[in-house]
Structures are given as C-alpha cells and as structure tokens.
Amino acid sequence: MNVSMTPELEAFVHAQVKSGMYQSASELFREAVRLLAHRNKMREKKLAELDEKIQTGLDQIARGEVLTEAQSKKRLNAYKRKMLSKRD
C-alpha cells in the first residue's frame, strides 16, 4: 500500500515516531485506522438509535399519542429551565 500525504501530515507522522510514541509510521497508521473504524462504528450506532427513536415517534403518532401545542410548549419550557439551571 502506498500512502500520499501533505507535507504537514508527513511531518506530524515523523514527529510522533521520533517522540517515541510510535515505533514506526506503520504502527501510527494502524492505530489511526483502528480509531477511524471505531468512530465510524459509533456513528452508525448513533444513527441506528436515532432511527429507532424516530420510528417510536411515528408509531406513537399513528396510535394518536400526541401532545397538544400547549402541552408541548409546557414541556419545552420546563426542559429549557432545567438546562439553564444546570449552566449556573
């Protein structure tokens, strides 16, 4: 495999190896790929959870389990107050 990098990235790789953090550029790239794979897996998991929540909401709507506008505003305002109180 042949990898092309910008001069900045190449300098970063060399600096990491020189620092002793990695024994070789190959070791650094293996870790980088593992981290990327993990990040992608977490993104897929979050998207699947979001799809599930959306489907739950759609199912609730289909069953007529919806809030009125006033109920929604009341819940949103309570949530905002809760979040703002956490910031202080």
Side-chain angles (χ1 to χ4, degrees):
M1 177 183 295
N2 186 16
V3 178
S4 298
M5 294 182 290
T6 64
E8 294 82 10
L9 287 176
E10 190 171 345
F12 175 78
V13 169
H14 288 299
Q16 293 299 302
V17 173
K18 187 176 180 182
S19 75
M21 186 86 171
Y22 299 94
Q23 295 297 314
S24 65
S26 293
E27 184 181 340
L28 181 142
F29 282 108
R30 283 190 297 274
E31 182 173 352
V33 171
R34 280 192 297 271
L35 289 170
L36 181 60
H38 177 74
R39 185 180 78 180
N40 288 346
K41 185 177 179 180
M42 292 297 103
R43 181 183 298 132
E44 288 174 12
K45 180 181 176 186
K46 287 179 182 181
L47 286 173
E49 290 171 354
L50 181 58
D51 285 342
E52 187 177 310
K53 288 179 181 182
I54 290 170
Q55 188 59 53
T56 297
L58 292 172
D59 293 344
Q60 289 171 331
I61 291 169
R63 291 189 304 267
E65 299 171 2
V66 295
L67 299 175
T68 65
E69 181 181 352
Q71 291 170 320
S72 294
K73 284 182 180 180
K74 185 176 179 179
R75 280 193 184 185
L76 283 171
N77 287 331
Y79 179 76
K80 285 193 291 189
R81 282 191 302 277
K82 181 181 175 184
M83 290 298 108
L84 290 172
S85 71
K86 286 183 179 182
R87 289 187 353 193
D88 299 332

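FYI, side chains are in, hydrogens and waters are out, and symmetry mates aren't considered; it's all heavy atoms of this structure.
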Checklist entry - Among all residues two or more places apart in sequence or in another chain, which pass the salt bridge (Lys or Arg N to Asp or Glu O under 4.0 Å) test with Arg81? => result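 Listed in chain order: nothing, the list is empty.
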Item to check | Partners passing salt bridge (Lys or Arg N to Asp or Glu O under 4.0 Å) against Glu52 (at least two apart in sequence or in another chain) | outcome: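 Partners of Glu52 under the salt bridge (Lys or Arg N to Asp or Glu O under 4.0 Å) test: none.
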Next on the checklist: Going by side-chain hydrogen bond (donor to acceptor under 3.5 Å, both in side chains), name the residues that satisfy it together with Lys73, two or more places apart in sequence or in a different chain.
Outcome noted: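 By the side-chain hydrogen bond (donor to acceptor under 3.5 Å, both in side chains) rule, Lys73 matches Glu69.
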Checklist entry - If you take all heavy atoms of Met21 and Glu27, which pair is closest and at what distance? => result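 Minimum heavy-atom separation between Met21 and Glu27: O-OE2, 4.5 Å.
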Next on the checklist: If I compare all heavy atoms of Ala25 with all of Val13, which pair ends up nearest, and what's the gap?
Outcome noted: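 Distance-wise, the nearest heavy atoms are CB-CG1, 3.7 Å.
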Next on the checklist: If I take atom CZ from residue Phe29 and atom CE from residue Met1, how far apart are they, to the nearest 0.5 angstrom?
Outcome noted: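 Nearest 0.5 Å value for the CZ-CE distance: 10.0 Å.
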Item to check | Inter-residue atom distance Lys45.NZ - Asn40.CG, 0.5 Å rounding | outcome: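 Going from the NZ atom of Lys45 to the CG atom of Asn40 covers 15.0 Å.
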Group every Ile, Leu, Val, Met, Phe, Trp and Tyr by side-chain heavy-atom contacts under 4.5 Å, then state whether [X] and [Y] land in the same group.
| X | Y | answer |
| --- | --- | --- |
| Leu36 | Leu9 | no |
| Leu76 | Leu84 | no |
| Leu47 | Met42 | no |

Next on the checklist: Could you check whether any side-chain heavy atom of Met83 comes within less than 4.5 Å of a side-chain heavy atom of Lys86, counting everything from C-beta outward?
Outcome noted: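 A side-chain contact under 4.5 Å exists here.
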Next on the checklist: Any non-hydrogen side-chain atom of Arg39 less than 4.5 Å from a side-chain atom of Arg43?
Outcome noted: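 With C-beta onward as the side chain, the pair touches.
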Checklist entry - Any luck finding a side-chain donor-acceptor pair between Asp51 and Gln55 under 3.5 Å? => result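 Distance-only check fails for Asp51 and Gln55.
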Checklist entry - Should the heavy atoms of other residues, nucleotides or ligands under 6.0 Å from CD of Gln23 be counted, would the total exceed 12? => result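 It does not: Gln23 CD has 12 such atoms or fewer within range.
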Next on the checklist: So does Leu67 get a backbone contact from the side chain of Gln71, meaning a donor-acceptor N/O pair under 3.5 Å?
Outcome noted: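 No, the answer is negative, given that no donor and acceptor are paired below the 3.5 Å cut-off.
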